[in-house]
Amino acid sequence: MKKHLFCYFASALLAASCSSAKEGQQVATVKDHFKDDFLIGAAIPVRHINGEDPKADSIVSLHFNSIVAENCMKNEVLQPREGEFFWDDADKFVKYGEDRDMAIIGHTLIWHSQLAPWFTVDKDGNDVSPEVLKQRMKDHIYAVVGRYKGRVKGWDVVNEAIEDDGSYRKSPFYRILGEEYIPLAFQYAHEADPEAELYINDYSMFNPRKREAYVRIVNDLKKQGLRIDGIGMQSHIGMDYPALDEYEKSIVDFSGTGCNVMITELDMSALPTVQMSADVGSMAKMSPEERKEAMKKFDVYPDGLPEEVSKQWNDRMAQVVALYKKHADKISRVTWWGTTDGMSWKNGFPIPGRTDYPLLFDRNYNLKPFMAEIIEN
Ligand code: 9MR
């Protein structure tokens, strides 16, 4: 059986990432285990870059060889007002990755969410003309991609462009520019850094209608002679979705476009799946008392994951990772959307205040058993 061992003598690193390791002992790392398969990435929040979570820092330095900005490269952060840029956090993020010799991924250039309020409207709040929006997109992309030219390996150029029914999301970009906004974004990004890899990224990529839509879009981009290197499958998954055969079909079909497949935002909720409109909608209308009662149904493990549920979670994650390994010739990166359960966005979504267990490391910074098993055998 394949075994890649990494010898580390820094006891501080070891203590943080593998509580049972002793100084001088060889430690198997996730990135090294998969080094012939794909990059292993993590989304990094600002507090991590600012040194406020040193244990997470140790984990990332030891086990990962790629990082992506969880929030600090989004439009509303980088250009909150027209022509006024805030670079501090993004600069620190890029330096963090460079200091550790990591593949740095930029997230994200064109997205309807976390979009600065001024970006698509005029001073009266009306949609700007197509020409103005094109110019704003070009200016933003040139500024951001240009600043990190040669340092960021690849960009999520367009994020979440397609609805679950396979139609275009009716975002301001689509409303003003129609389908053309996607090729334009790729064109501008390529002009700003011809060497950078360019990706399109979305959630629920196992959905057959989304799959078909993205295969069509990517083939069209290629037909137009535009650069696109990767299709990002976010992969915010659960214990009961997706069906792994549908997930696999997407990996295969996306790879058929000639693009790399990337698992870009992996996490798997251990909690009951919440129906957005039915459950979240009805909870929004509840009194605080009713809400507290309703939470019992959704926040089922506030004090820790029961052993049998933990086993189910680990078994399913092992199957998911086995699928990635099976298609390692198609997948170039597997990025978790965070490091430890305690810092995951899933604790606050779709219902705030839950205790979830979706990531590769638990709240005590220990590697989850399924992965420990994989890399130690
Ligand atoms: O993890 C991010 C969270 O901290 C933000 O509050 C949220 C705002 O939309 O965005 C989260 O990251 C999202 C990513 O940028 C795009 N795909 C979905 C991710 C989870 O919402």
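Numbering of ligands and ligand atoms starts at 1, following listing order. Residue numbers count from 1 along this sequence. Computation of the quantities below employed the complete heavy-atom set of this structure, encompassing side-chain atoms and omitting hydrogens, waters and symmetry-equivalent molecules.
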Nitrogen or oxygen atoms of [X] and ligand 1 under 3.5 Å apart:
{"X": "E265", "value": "yes"}
{"X": "N159", "value": "no"}
{"X": "W337", "value": "yes"}

Give me the residue, atom name and distance of the protein heavy atom closest to [atom].
{"atom": "atom 6 (O) of ligand 1", "value": "N71 OD1, 4.4 Å"}
{"atom": "atom 1 (O) of ligand 1", "value": "E70 OE2, 2.5 Å"}
{"atom": "atom 14 (C) of ligand 1", "value": "H107 NE2, 3.4 Å"}

Subject >> For atom 13 (C) of ligand 1, the option (of K346, Q114, K74) bearing the nearest heavy atom >> reply: K74
**OP:** Within a distance under 4.0 Å of any heavy atom of E160, pick out the atoms of ligand 1 and give their elements.
**Re:** 16 (C), 17 (N), 18 (C)
Original post:
In ligand 1, which numbered atoms sit nearer than 4.0 Å to a non-hydrogen atom of H236?
Top reply: 18 (C), 19 (C)
**OP:** Please test N314 against K368 for side-chain hydrogen bond (donor to acceptor under 3.5 Å, both in side chains), starting from the C-alpha separation and ending with a verdict.
**Re:** CA-CA 7 Å; N314 276 278; K368 297 272 175 84; over 6 Å; no
Original post:
At under 4.0 Å between heavy atoms, which part of W111 makes contact with ligand 1: side chain, backbone, both or neither?
Top reply: side chain
Original post:
In terms of side-chain geometry, is the basic nitrogen of K311 or D315 positioned less than 4.0 Å from the acidic oxygen of its partner?
Top reply: yes
Original post:
Within a reach of under 6.0 Å around NZ of K153, are more than 12 heavy atoms found that belong to other residues, nucleotides or ligands?
Top reply: no
Original post:
Would one find more than 12 heavy atoms of other residues, nucleotides or ligands at under 6.0 Å from atom NZ of K123?
Top reply: no
Original post:
Taking atom types as modelled and ignoring hydrogens, do the side chains of R169 and S171 form a donor-acceptor contact shorter than 3.5 angstrom?
Top reply: no
**OP:** Decide whether D156 and H107 meet the rule of one side-chain donor and one side-chain acceptor closer than 3.5 Å.
**Re:** yes
Original post:
Taking it one step at a time, do E160 and Y203 satisfy side-chain hydrogen bond (donor to acceptor under 3.5 Å, both in side chains)?
Top reply: CA-CA 7 Å; E160 300 176 2; Y203 59 84; 5.4 Å; no
